[in-house]
**Student:** 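Pasting a structure here, questions to come.
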Number of protein chains: 2
Amino acid sequence: MTNTERSPRRAATEARILDAALDVFADHGFRGATLDGIASAAGMSKPNLLYYFATKEEMHVALLDGLMDTWLDPLEALDPTGEPIEELRAYIRRKLAMAQRYPRESRLFANEIVQGAPRIASMLSGRLRALVQAKAAILDEWIMQGRLAPVDPAHLIFAIWATTQHYADFDVQVCAVLDSDDDARFDTALATLEILFIDGLRPRG
Amino acid sequence: MTNTERSPRRAATEARILDAALDVFADHGFRGATLDGIASAAGMSKPNLLYYFATKEEMHVALLDGLMDTWLDPLEALDPTGEPIEELRAYIRRKLAMAQRYPRESRLFANEIVQGAPRIASMLSGRLRALVQAKAAILDEWIMQGRLAPVDPAHLIFAIWATTQHYADFDVQVCAVLDSDDDARFDTALATLEILFIDGLRPRG
DNA sequence: TTGGAATTTTTCCATCTGGTCAAATGCTAC
DNA sequence: GTAGCATTTGACCAGATGGAAAAATTCCAA
């Protein structure tokens, strides 16, 4: 049996490092992040960092691996036995809440993917694709039953990802355009997205 | 009179450099881009680059400044005298075409904004905000006239940006999930986005 | 053709950065 | 208390990178 048990002390230090690394990676991307920056954010020396994670890459991988589950949770929770419109409304709500609560995680992934996902390509065509295909099958079923407008399920998921993560990844732009960084922007966003996705722009006459 | 005229030769070389720089900046972000990489992509020596642009930053600024106009064109073209639904449908079409034709430009901006827009903050709260506010006024007018569902205009614009630029910025993810890099994804995307934005997911009964 | 300006390259440098090493310190079981 | 292990750090290194200098080459007008 491999010893996967780590002392609580070690686990706590690793968590502190990963939290600092998340800050720095989200703000500067993998290449832009420096070990000095992460060490300083974690309140320790650079060699001490490398005592816990042998390389910068290892830190990055640990972050991505550890966060992927949480990141995909909202989609996992899409319930095939639920009412389609309400399920999607709830999914949008969960995903937007995720962007609000975990903006660093969102920007970590965004940085990685915008630059061609050099370090997580396999995850995209593996877990991620599998999950989307599974959920797309549910959406297709709903569409066939006439309980959902006939859209491409994968692209619908893309649209929900794009609009919700926008409030994390492009937050500085959103705040600049709105001329405000009041948290209320998330409420307005949710209201707008619900109307858009559920009933669209055409006035119901 | 300041001499803003540059020889055609110089202009051509500058254009060649900026094209190479766009490649590299889009792929690696500002920090990740190297002068060696840009020089190599432009087919010239590094010091020769610096003969035309004194610093890496200057190249980056030249790119952002030069591309902002093109980038905002689709929104500029929103016509207050047009039919609201058709205007927005056309805007979505233009913006998606932009993402398809100019993915590098989209990723250049995405890289910059995800990392906090350290070099274009003023543009965001200047030109960009002004343009959005101007167009939001048009949308508000349409909403007051009952020709558009009552959504927050700025957030509607955000949603259109997010969904269309997604096909440039997150292209590797889109292709990985779809398991295809066929150009047809843009057609499917357009069809899906039109249905979503115009009529929403709720089946018309 | 030729002189001077524009362009290009070779060489070089200072700094930053990921990572190593050995020494020092702290912690815990006995 | 102390032996032995875990943790932490200061000093250091090699390669990458942004940029400077100056020489070499090309181009063009007269």
Side-chain angles (χ1 to χ4, degrees), chain A residues 2-64 108 111-112 115-116 118-119, chain B residues 1-64 108 111-112 115 118-119:
Chain A
T2 59
N3 179 17
T4 54
E5 329 272 323
R6 294 161 307 166
S7 78
R9 178 196 175 87
R10 184 176 182 104
T13 307
E14 284 179 2
R16 179 159 56 101
I17 290 173
L18 288 181
D19 187 72
L22 179 53
D23 267 347
V24 178
F25 282 131
D27 275 354
H28 304 286
F30 181 79
R31 185 68 161 33
T34 69
L35 291 181
D36 286 303
I38 298 172
S40 150
M44 65 177 62
S45 67
K46 181 169 61 172
N48 203 8
L49 270 191
L50 297 165
Y51 173 75
Y52 290 93
F53 297 93
T55 65
K56 186 164 94 162
E57 181 113 19
E58 199 173 294
M59 259 174 253
H60 199 249
V61 169
L63 269 179
L64 291 168
L108 176 75
N111 264 303
E112 191 62 16
Q115 299 187 6
R119 281 165 288 271
Chain B
M1 164 182 125
T2 60
N3 179 18
T4 55
E5 328 273 321
R6 294 161 306 167
S7 77
R9 180 196 173 89
R10 186 179 181 102
T13 307
E14 284 178 1
R16 179 159 58 102
I17 291 173
L18 288 181
D19 187 73
L22 180 54
D23 267 347
V24 178
F25 281 131
D27 276 354
H28 304 287
F30 181 78
R31 185 65 160 34
T34 68
L35 291 182
D36 286 306
I38 298 173
S40 149
M44 65 176 63
S45 67
K46 179 169 63 170
N48 202 9
L49 270 190
L50 296 166
Y51 173 74
Y52 289 94
F53 298 91
T55 65
K56 185 163 93 161
E57 180 113 20
E58 199 173 294
M59 257 175 256
H60 199 248
V61 168
L63 268 179
L64 292 167
L108 176 75
N111 265 302
E112 191 62 15
Q115 299 188 5
R119 283 167 286 272

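The basis for the numbers below is simple: all heavy atoms, side chains too, and nothing from hydrogens, waters or symmetry mates. Per chain, numbering begins at 1; letters A, B, ... match sequence-line order.
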**Student:** Find the distance A/Glu14:CD to D/dT7:P and express it as a whole number of Å.
**Tutor:** 9 Å

**Student:** Near DNA chain C, under 4.0 Å by heavy atom, which residues of residues 21-37 of chain B?
**Tutor:** B/Arg31

**Student:** Taking the side chain as everything from C-beta on, heavy atoms only, tell me whether B/Val61 gets closer than 4.5 Å to B/Arg119.
**Tutor:** no

**Student:** Mind listing the residues from residues 40-49 of chain B sitting with a heavy atom below 4.0 Å of DNA chain C? Number order is fine.
**Tutor:**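 Under 4.0 Å from DNA chain C: B/Ser45, B/Pro47, B/Asn48.
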
**Student:** My understanding is that only residues two or more places apart in sequence, or in another chain, count here; which of them pass ring-ring contact (aromatic ring centres under 6.0 Å, His included) with A/Phe53?
**Tutor:**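 Checked A/Phe53 against ring-ring contact (aromatic ring centres under 6.0 Å, His included); zero matches.
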
**Student:** Kindly say if A/Tyr52 contacts the phosphate of D/dA6, meaning a side-chain N or O under 4.0 Å from OP1 or OP2.
**Tutor:** no

**Student:** Spell out, as yes or no, whether a donor-acceptor pair under 3.5 Å connects the side chain of A/Arg31 to the backbone of B/Arg31.
**Tutor:** yes

**Student:** Identify all side-chain donor-acceptor contacts of residues 32-52 of chain A below 3.5 Å with residues at least two apart in sequence or on another chain.
**Tutor:**
unit_1	atom_1	unit_2	atom_2	d
A/Thr34	OG1	A/Gly37	N	2.8
A/Ser45	OG	A/Asn48	N	3.4

**Student:** Which is the 5'-most and which the 3'-most nucleotide of DNA chain C that has an atom under 4.0 Å from a heavy atom of chain B?
**Tutor:** C/dA6 to C/dT17

**Student:** For B/Ala54 and for A/Tyr51, locate the closest nucleotide of DNA chain D by heavy-atom distance; then report the residue assigned to the nucleotide nearer the 5' terminus.
**Tutor:** A/Tyr51

**Student:** What are the two closest non-hydrogen atoms of B/Leu108 and B/His60, and how far apart are they?
**Tutor:** CD1-NE2, 4.0 Å

**Student:** What pairs of nitrogen or oxygen atoms, one from the protein and one from nucleotides 24-30 of chain D, lie under 3.5 Å apart?
**Tutor:**
none

**Student:** Is the shortest side-chain heavy-atom distance between B/Phe25 and B/Met59 below 4.5 Å?
**Tutor:**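 Yes, side chains in contact.
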
**Student:** Calculate the interatomic distance between B/Glu58 atom CD and D/dA20 atom P; express it in whole Å.
**Tutor:**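 Those two atoms, CD and P, are 11 Å apart.
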
**Student:** About how many Å separate OG1 of A/Thr13 and CG of A/Leu18, when rounded to the nearest 0.5 Å?
**Tutor:** 11.0 Å

